Amino acid sequence: MIPQFKIPCVILCGGKSSRMGEDKSLLPFFDKSSLTQYQYDRLKPYFTKIFLSSKTNKFNFEAKLILEENEIYSPIVAIDSIIKKLYNYGKFFLITVDTPLVKIESINQLILESIDSDICVAQTEKIHNLCGVFSTNIKPIVAEMLKKDIHKVGYLLDQVKSKKIIFKDEEEFLNLNNKEEYLKALKIIS
């Protein structure tokens, strides 16, 4: 049976993609016109609501957008915009567009384990700060961070009740930051 998660999902698509050399969210992926379309279509059956977080509407398909309210490229700016838009939901699942191999079972585990935490993220050999469940009650801390020009998600995790869930499969959390990782993911998926 397909789990139907009660919290919204947000796919972060607003990064600079400087290591990729072009906007990775728009790169073709597997059988889809873009990595964003791939992530969106893959996650849509499991979430009642799904959003794309980006600086602009650069997508060639219909999706609910959360436009980031600041010109600074920062996940904290994105999280601030997301919280403002989704505050009444209480929590949301956050994932980056460039992690297309994260399993639904892992997402399910993160959501189940997030009950008594403000932020619950995945961890393998490293912490995956932008793959997890975020509570909207962190809004004042995020606002304070922006006021102080602090943009590190690791800093945010230290300021709130956070939980890290250990996963063994490093490959599942592969971040497509450059062409080599992009090609590796395409190979894994096909």
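Here, residue 1 is the first one in the sequence, and each next residue gets the next number. Small disclaimer: the values here were computed from a predicted structure and weren't measured.
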Report the distance from atom [atom1] of [X] to atom [atom2] of [Y], rounding to the nearest 0.5 Å.
X	Y	atom1	atom2	result
Q159	I138	CD	CD1	11.0 Å
L157	I141	CG	CD1	11.5 Å
K161	D116	NZ	CG	4.5 Å
T96	F173	OG1	CZ	10.5 Å
L12	I95	CG	CD1	9.5 Å
I189	K184	CD1	NZ	13.0 Å

Taking all non-hydrogen atoms of both residues, which atom of [X] and which atom of [Y] are closest, and how far apart?
X	Y	result
L52	C13	CD2-SG, 4.2 Å
P100	L174	CD-O, 4.5 Å
Y40	E62	OH-O, 4.0 Å
V121	I127	CG2-CG2, 3.8 Å

Answer yes or no: does atom [atom1] of [X] have more than 12 heavy-atom neighbours from other residues, nucleotides or ligands under 6.0 Å?
X	atom1	answer
K85	NZ	no
E170	CD	yes
K164	NZ	yes

Would you say [X] and [Y] make side-chain contact, with heavy atoms under 4.5 Å?
X	Y	answer
K55	V77	yes
L146	H151	yes
S33	N60	yes
H128	V102	no
F47	P8	no
L43	I107	yes
F92	T136	yes
E181	D98	no

Whether [X] side chain and [Y] backbone form a donor-acceptor pair below 3.5 Å:
X	Y	result
K152	I76	no
K58	D23	no
S34	L26	no
D118	S162	no
K163	S114	no

(message) If you take the centroid of each ring, where Trp contributes its six-membered ring, are F5 and F93 closer together than 6.0 Å?
(response) no
(message) Working note: S25 + F59, criterion side chain to side chain contact (heavy atoms under 4.5 Å, CB included); need CA distance, chi angles, decisive distance, verdict.
(response) CA-CA 9 Å; S25 72; F59 310 103; 4.3 Å; yes
(request) Would you check, one step at a time, whether the test side chain to side chain contact (heavy atoms under 4.5 Å, CB included) holds for F61 with T36? (result) CA-CA 10 Å; F61 65 98; T36 305; 3.8 Å; yes
According to a 4.5 Å side-chain heavy-atom criterion applied to Ile, Leu, Val, Met, Phe, Trp and Tyr, with indirect links allowed, do [X] and [Y] form part of one hydrophobic cluster?
X	Y	answer
V97	Y73	no
I104	I165	yes
L130	Y182	no
L112	Y46	no
F134	F167	no

(message) Walk me through whether I82 and Y89 qualify under side chain to side chain contact (heavy atoms under 4.5 Å, CB included).
(response) CA-CA 11 Å; I82 294 163; Y89 287 96; over 6 Å; no
(request) Evaluate side chain to side chain contact (heavy atoms under 4.5 Å, CB included) for F29 paired with Q39, printing each intermediate quantity in order. (result) CA-CA 9 Å; F29 195 76; Q39 272 289 56; over 6 Å; no
(request) State whether E22 and K179 are salt-bridged, where the test is any N-O pair (Lys NZ or Arg NE/NH1/NH2 against Asp/Glu carboxylate O) under 4.0 Å. (result) yes
(request) Scan L86, I79, I50 and name whichever one has a side chain to side chain contact (heavy atoms under 4.5 Å, CB included) with V10. (result) L86
(message) Side chains of E68 and S53 only: does a donor on one sit below 3.5 Å from an acceptor on the other?
(response) yes
(request) May I ask you to check whether N177 and K24 show a side-chain donor-acceptor distance below 3.5 Å? (result) yes
